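Atoms within a ligand are numbered from 1 in the order they appear, just like the ligands themselves. Everything numeric here is computed off the predicted structure, so don't read it as measured data.
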Amino acid sequence: MADSELNRRIVSCGREMFAGIYGETPSLFDKGRWLGKLMAWSMSDEEFKTRLFRFVDVFPTLSTDRMVADHLEEYFAGAQPPVLALLRQAAGVFGPFGNFIQRKAVSTAIRKMAQQFIVGENTTEAISNIERLRHQGFAAVVDVLGEATLSEKEADAYVDQYLNLIGSIERAMGRWKPLGAGRTSGSMDWGHAPRINVSVKATALSCLASPMDYEGSVAAILRRLRLICRRVREVNGFLCLDMETYRYKEIILEVYRRLKLENPDYPHLGLVLQSYLRDTDHDLDNLVTWARENCLGISIRLVKGAYWDYEMIRSRQSGLPEPVWTMKAETDAAFERQARRIMENSDVCHFACASHNIRSISAVIELAQELAISDDRYEFQVLYGMAEPVRKAILNRTGRLRLYCPYGPMVPGMGYLVRRLLENTSNVSFLRQTFVDAAGAEKLLEDPVHVVERQRLAVQPRLREGAKPSGKVIPFSNEPVIDFTREEQRQAFREHIGQVRNRFGRKYPLFIGGQQLETEDLLPSVNPSDPSEILGWVCQAGTDEVAQAIGAARKSFETWRDVTPEIRAEFLLKACTVVRRRIYELSALQVLEIGKQWDQAYADVTEAIDFLEYYAREMMRLGSPRSMGKVAGETNQYFYEPKGVAAVIAPWNFPLAISMGMVSAAIVTGNCVVFKPSGLTSIIGWQLVEIFREVGLPDGVFNFVPGRSGIMGDYLVDHPHVSLIAFTGSMEVGLRIIERATKVQPGQEMIKKVICEMGGKNAIIIDEDADLDEAVPHVFNSVFGFQGQKCSACSRVIVLDRIYDKFVQRIVALAEAVPVGPVEDPANLIGAVAEENARRRIMNYIEVGRQEGSLLYQGQVPEVGFFVPLTIIGDIRPEHRLAQEEIFGPVLAVMRARDFNEALAWANSTRYALTGGVFSRSPEHIAIATKRFRVGNLYLNRNCTGALVGRQPFGGFRMSGAGTKAGGPDYLLHFMDPRVVTENTMRRGFAPVGAGDGSSCRKR
Ligand SMILES: Cc1cc2nc3c(=O)[nH]c(=O)nc-3n(C[C@H](O)[C@H](O)[C@H](O)COP(=O)(O)OP(=O)(O)OC[C@H]3O[C@@H](n4cnc5c(N)ncnc54)[C@H](O)[C@@H]3O)c2cc1C
C-alpha cells in the first residue's frame, strides 16, 4: 500500500495528468469516427460485440466476394444494415451494394481497424510510420506479428523477418536524430536508450515448445534467439522477450536467464513480467536475487497481462488453480508493489512501465521520485494505436515514452487485433472507464490496495455462506490435468519411470475369489519401444481358471447384490484415493508398457479417477427407488438390480481408464466381475487387483484372469453363468462377441447383455474459412496423438478445395518437425505402436494408401522397436480402402472436397459413427454439421479426442458401438435390470397418505 503521503502525491499527479488531457478522447472511442461508433455499439451490446470480433477474426480468410457476403449475412443477420452503413462509411463507398462493393467496403474497413493497432503491413510501411512517430517525440519497440508457429520453416521465417527488420531499421536509422536531443548528446535516445528496440515472442521460435519437454523447448528457442540477439548486439539495439500465456512462463524465464548468462556484459536485454499472475512477486524476487548473485544487469518491462480471459477459461477447463488474480484491483495493486520492488533494485534492474492506466503510471512517477531513480533507469511504454491522450500526458510529464509497434500482414495480426479490441472494450478497462463510462478521477485514482480490501470484505460473507458444509457429496468435477510447468511434476515423472524400471521381471498371478493363483503359462509384457525389455511375466488363465473365476463371482454376487448402493459407491471413492496417491507410478507404467507419451499416460489415469468418482455419484443417484404415479391406494416403486456375473474384456489403448470404467460400473451397480485385460497391458490390468484389494473390496467381487484370447476368450463369452459382457475393442471382435452372446447355452438362465464400444473411421472437415493456426495442430494431435491408436483418433481429414494446398503444406511441415522415438524421453512426441502385428498391419495399409492416393509425407523411424513412420497420404477418395477401413496407426488420409456438402457426405460415408470434427467459422455450416454430421461425439473447432467423463460422454453407434456412452448419465443403466414393485395399500377402503400422492381420498 502506498503510505498516505505518497498516495496523496500519486493522486495529485494523476489529477494533473487528467487535467492536461481534459476533453480529449482516444481515436478508438471517438464517436465522430466510424470506428468509435462501432466500438460504442459493441460496448452497449455484448452479443453484437461477440459477433463483430468473431467476424474480424475470420475476415482475412474470406477470399471471395461470395464468402464475405455469406459471412456478413450469417454473423449480422438482423443487425446488418447499420453495420454495413458504418463499414461503407469507413471505406468511403457509396451507391448500390453488390457483393463486390460489399467486400471492398468491409475489407477497407477491417484493414483500417487493423491499421489502428498495427504500424505497418510491411517493413517499408512500418519504418515510415515509426519515423512519423519519432517526429512526434515517441520512441518505438517493434514486434513482428505472429501467433502460432507450426513448423521449423515458419520458425526460421520468423527469425528472418527479425533480421530483415533490424537491417532495415539500421539503414533508416542514419536519418533518425536521437530523441531528447538538446538535452542529451550521442546517438542514443534520451542519451541512454538504443534507437533500435525489438520485442520477440519466444514460442514463435520453436514449433514444438511445450512444458512437458522443458529442456528441449528452452534449447530450441535459444538456438534461434541467439541469431536475433547477435544481430541486435551488432546494431547496439535492445531485445525484449515478450511474456505469453502462463503455460510458457517458466520456459521464457529460463530462456532469458540463459541468454543473459551468455551475454553478461550486454545491458540491453529485457523480459516482460505480468502483474496479473499470482506467481510474479515470487518470480521477480528470484530474478533480482539471481541477477545480483551473477553480477548481471537486467531489464524488466512490467505489464498487467494480455491473456486474462484465456487464463481463466483454460484453468477452469483443466481443473488447475487460476494462475491470475481474479479482482482487477489485485492486479493493479500487484503492479504498484512490483514496480516499487524493481525500482528499489534499480542498480541491477532497468524498468519499463507498460500501462495505459493513469493511476498506475502516476504511482511509478511518484515512486521513482521518492526513490530518486535516475531517468536512465526507467521509461514508460504504451501500445501503438491506443490511449492517445494518455501517451501525450506521459510524454509531457516525463519526456520518455516508447510505443509498442507490431507490424506484419493482417492474417497473423488478427489475434493481436482481437486482443486489443477486447482489452479496450472490457468493463474493467481503465481506458473504457475513463473515456467511455466517464468514471470520476476519485474512483479512477483510488489506491488499489483500498479497493482490494473493500471488495474482499464485500465477498467474504458470500464465501462463508458457500463454504458451509451441505452434508452432501460434493458434485462431480474432472480430475485436473498434469501441470508440466512445475518442475516437481516433471521430476516426479522421471523418478517413477525409474522406479517402474526397478521392478522389471516380476511375475504377476491371477486373482480369483480373493486368492492369488499362479499358472505355468506365462506371457511376457514388453516395452514396445524396445521389445527386448521385459516388464514382467503374466500368468495366463485357461478355461479351468476362467470357470473358477466365474464360480467365485457367482458366489459373491449373492451377497454383493444386496450391499447398499451407498456402500458400493464408497468402495469406488476409496479406490480414487489410492489411484490419486499412485498417479505417477500408474502413468509411468503406461509409458513403458504401451508407449504412451507422458501427458497421455497421465490423462489415462485421471480418466480412471473420473470414472470412479462419476459412477459412484451416479449410483447414489440411481440407487434410491423412485415412486411412480400418484394414485391413492397404491405405491409403485421403480428400482434397479444388478444382472449377475459381468465379463469385462478391456483394450490396451486406454489400459487403466477403460478397464477401470467398465469394471467400476459393473461393481458399483452390484455385479461381480471377471476381468480379462489385454495381453499387451496385463501389468497395468494387475493394478486393479492391487487397488481393489487395498480398499477391502469383498473377495470374489473382482476377479483378474488375464489369458490368451484364442484359448479362453470364447469360453468366457459363451459361459452360461455370464450375464453381461462389457467390451471395448475392434469391430471384428465386438461383432463376434455380440453374435456368440445371442446363442443361449445349456444351463443359461438369462439373456446376455453386451455393452460394446468398437472402432471408428473418424473424419475432421476443414472448411474454407477455418483458422489453420488452430486446425493444423488440432488435427495433428487428433491423428497422431498416441500414434493414432485411440478409437476417437482422426484418420481422414476432408479439406475444402480452396484451402487444401495450404492445409497440406502446413500439416506436412509440422510432421517434418516432430521427433519420433521412445516416449520415455518427453522430447519424442511420437512413439512406437503397440506390437509387431500392429506394425505390420499398418505398414500394409501404408502400401495400400500409396497405391490409392499420393504420398505427401512419410517420416523416419528408429531401428529398434515397433515404430511406424508418420504417414500422410493425399488425394484419397471416399471409395478407397484408406477412407473406409480402420487403421489404428499414425496414418492420415487427406481428401479434397468440392464444397461443404460434399465434405459432409464423405464424412458420413463409412459404416462407423464414433467421433468427428469440423473446423469452420461459418455459423451456418456449424449448424448444418451439428444436425447432419452423424457421429456419437462431434467436436467443433477442436480436436476430436480426449472426451472427458461427465462432460463429453463417449461412444458411437452404427458399427462403432451400441450407443452406451461411457461417462454419461445413462451408462450404468446398461448394467442393471429395472424392476417395479406395486403394492395395494388400501385396507377396507382406508389408505395411508403417501408422500406426494396428492390425494384427498381418505375415509372420514
Ligand atoms: C509496451 C507494452 C508491451 C506489452 N507486452 C506484453 C506482453 O509481453 N505480454 C502480455 O501479456 N501483455 C503485454 N502487454 C499488454 C498489456 O498486458 C495490456 O495492455 C495491459 O494489461 C493493459 O493494462 P493497463 O494498465 O493499460 O490497463 P488497465 O485497464 O488498468 O488493466 C487492464 C488489465 O487488468 C487485468 N485484469 C482485467 N480483469 C481482471 C480481473 N478481473 N482480475 C485481475 N486482473 C484483471 C488484465 O491484465 C487487463 O489487461 C503489453 C503492453 C504494453 C503497453
Protein contact to [atom] [nearest heavy atom, distance to 0.1 Å]:
atom                    : result
atom 20 (C) of ligand 1 : E423 OE2, 3.9 Å
atom 52 (C) of ligand 1 : L383 CD2, 3.3 Å
atom 37 (C) of ligand 1 : V428 CG2, 3.6 Å
atom 44 (N) of ligand 1 : T331 OG1, 2.6 Å
atom 8 (O) of ligand 1  : M243 N, 3.0 Å
atom 46 (C) of ligand 1 : G305 O, 3.4 Å
atom 5 (N) of ligand 1  : R301 NH1, 3.4 Å
atom 6 (C) of ligand 1  : V303 CG1, 3.8 Å

Near [X], which atoms of ligand 1 are under 4.0 Å from a heavy atom of that residue?
X    : value
S355 : 24 (P), 25 (O), 26 (O)
V382 : 53 (C)
Y307 : 11 (O)
D242 : 8 (O)
A354 : 1 (C), 2 (C), 52 (C), 53 (C)
S429 : 29 (O)
F430 : 28 (P), 29 (O), 30 (O)
Q381 : 1 (C), 53 (C)

- Item | Face-on cation placement of R400 at Y378 ring, 6.0 Å and 45° thresholds |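 Judged by the rule, R400 and Y378 form a cation-pi pair.
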- Ring-face cation of K304 near F335 (centre distance under 6.0 Å, axis angle within 45°):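 Geometry flag: set, cation within 6.0 Å and 45°.
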- Ion pair R397/E16, N-O distance below 4.0 Å: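 Counted as a salt bridge, because a side-chain N and a carboxylate O are separated by less than 4.0 Å.
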- Under 4.0 Å between a Lys/Arg side-chain N and an Asp/Glu carboxylate O for K328 and D332?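 A salt bridge links K328 with D332.
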Check if [X] has a non-hydrogen atom at a distance under 4.0 Å from any atom of ligand 1.
X    : answer
V324 : no
Q274 : yes
S360 : no

- Message: For R337, is the CZ atom crowded, meaning more than 12 foreign heavy atoms sit under 6.0 Å from it?
- Response: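 Yes.
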Min N/O separation [X] to ligand 1 under 3.5 Å:
X    : result
N357 : yes
T326 : yes
A306 : yes
L431 : no
K328 : yes

- Query: For the ring pair F18 and Y22, is the centre-to-centre distance below 6.0 Å?
  - Reply: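 Aromatic pair excluded; centres sit 6.0 Å or further apart.
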Residue pair [X] / [Y], side-chain donor-acceptor N/O under 3.5 Å:
X    : Y    : answer
S199 : R301 : yes
E244 : T203 : yes
N424 : R432 : no
S355 : N357 : no
T280 : Q274 : no

- Selection from Y276, Y404, W308 by shortest heavy-atom distance to atom 45 (C) of ligand 1: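 Looking at heavy atoms only, W308 sits closest to atom 45 (C) of ligand 1.
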- Between E244, H356, R419, which one has a non-hydrogen atom sitting closest to atom 26 (O) of ligand 1?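 Closest candidate by heavy-atom distance is H356.
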Please output the side-chain donor-acceptor pairs of residues 135-145 that fall under 3.5 Å, not counting sequence neighbours, one pair per line with the distance.
residue : atom : partner : partner atom : Å
H135    : ND1  : E131    : O            : 3.2
D143    : OD1  : Y404    : OH           : 3.4

Could you give the side-chain donor-acceptor pairs of residues 434-446 under 3.5 Å, partners two or more places apart or in another chain?
residue : atom : partner : partner atom : Å
T434    : OG1  : F430    : O            : 2.6
E446    : OE1  : R454    : NH2          : 3.3
E446    : OE2  : R454    : NH1          : 2.6

- Within the distance-only criterion (no hydrogens, no angle test), does the side chain of S12 pair as donor or acceptor with the backbone N or O of R8 below 3.5 angstrom?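 Pair absent, no side-chain N/O of S12 close to backbone of R8.
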- Message: I want to check something: taking the side chain as every heavy atom from C-beta on, are Y276 and Y307 in contact at a cut-off of under 4.5 Å?
- Response: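 They are in side-chain contact.
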